[in-house]
Novice: 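Got a structure for you, written out below as structure tokens; questions coming shortly.
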Amino acid sequence: MLDVDLVKALANDKRLMILQWLRDPERHFPPQRDGDLVRDGVCSVFIADKLGVSQPTCGEHMKILSHAGLVRGKKVKQWVFYQRDEARIAQAKELLSSDW
């Protein structure tokens, strides 16, 4: 059975772009002062800037992706850094390619 949260997360072009960018963060984002792009994830400020949206709008996109398990957030100082959950993404791909 399909996971409604997963389908909702993938049903938005901005969220799909975020997932694509987070796949190769060093290519898509500038170096960060606090936190490593690969090890710690990408600061939500950089994600919002690249998307061209406000922090609250970005936060809503990240909340939906997090709720579906596609990304994980990590607090570093006052910022939240996000990275893909590759195991969950692989599981989602398998689920979406199966006969449902």
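Heavy atoms only: backbone and side chains are in, while hydrogens, waters and symmetry mates are out. Since we're looking at a predicted model, the values are computed, not measured.
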Novice: Test Asp34 against every option in Lys75, Arg39, Lys77 by the salt bridge (charged side-chain N to carboxylate O under 4.0 Å, His left out) rule and name the one that passes.
Specialist: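 Passing option: Lys77.
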Novice: Hey, are the side chains of Leu10 and Leu96 touching, using non-hydrogen atoms and a 4.5 Å cut-off?
Specialist: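 Of all side-chain heavy-atom pairs linking Leu96 with Leu10, at least one is under 4.5 Å.
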Novice: Would you say Val71 and Leu95 are hydrophobically clustered, going by side-chain heavy atoms of ILVMFWY under 4.5 Å?
Specialist: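 Yes, it is one cluster - the side chains of Val71 and Leu95 are joined through contacts under 4.5 Å.
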Novice: Taking all non-hydrogen atoms of both residues, which atom of Cys58 and which atom of Ile47 are closest, and how far apart?
Specialist: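 Smallest heavy-atom distance, with atoms named: SG-CG2, 3.6 Å.
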Novice: Evaluate side chain to side chain contact (heavy atoms under 4.5 Å, CB included) for Ser44 paired with Trp79, printing each intermediate quantity in order.
Specialist: CA-CA 7 Å; Ser44 61; Trp79 313 110; 5.6 Å; no
Novice: Would you list the atom pairs, donor with acceptor, under 3.5 Å between side chains in residues 13-29 and any protein atom, with sequence neighbours excluded?
Specialist:
unit_1	atom_1	unit_2	atom_2	d
Arg15	NE	Ala9	O	3.1
Arg15	NH1	His61	ND1	3.1
Arg15	NH2	Lys8	O	3.1

Novice: Using side chain to side chain contact (heavy atoms under 4.5 Å, CB included) as the criterion, list what pairs up with Gln32, not counting sequence neighbours.
Specialist: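 Per chain and number, Gln32 pairs via side chain to side chain contact (heavy atoms under 4.5 Å, CB included) with Leu37, Val42, Cys43, Phe46, Phe81.
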Novice: Residues two or more places apart in sequence or in another chain: which of them pass side chain to side chain donor-acceptor pair (under 3.5 Å) with Lys74?
Specialist: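 Only Asp40 meet the side chain to side chain donor-acceptor pair (under 3.5 Å) criterion with Lys74.
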Novice: List for me each residue that meets salt bridge (Lys or Arg N to Asp or Glu O under 4.0 Å) alongside Lys63, sequence neighbours excluded, and say none if there are none.
Specialist: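 Here the qualifying residues are Glu60.
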Novice: In chain order, what residues pass the side chain to side chain donor-acceptor pair (under 3.5 Å) check against Gln91, with sequence neighbours excluded?
Specialist: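 Here the qualifying residues are Arg88.
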Novice: Step by step, work out the side chain to side chain contact (heavy atoms under 4.5 Å, CB included) result for Ile64 and Leu70.
Specialist: CA-CA 9 Å; Ile64 291 167; Leu70 299 172; over 6 Å; no
Novice: Considering all heavy atoms of both residues, which atom of Gln83 and which atom of Val38 are nearest to each other, and what is their separation?
Specialist: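 Scanning both residues completely, I find the closest heavy atoms to be NE2-O, 3.1 Å.
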Novice: Using side chain to side chain contact (heavy atoms under 4.5 Å, CB included) as the criterion, list what pairs up with Glu86, not counting sequence neighbours.
Specialist: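 Side chain to side chain contact (heavy atoms under 4.5 Å, CB included) list for Glu86, sorted by chain: Arg84, Ile89.
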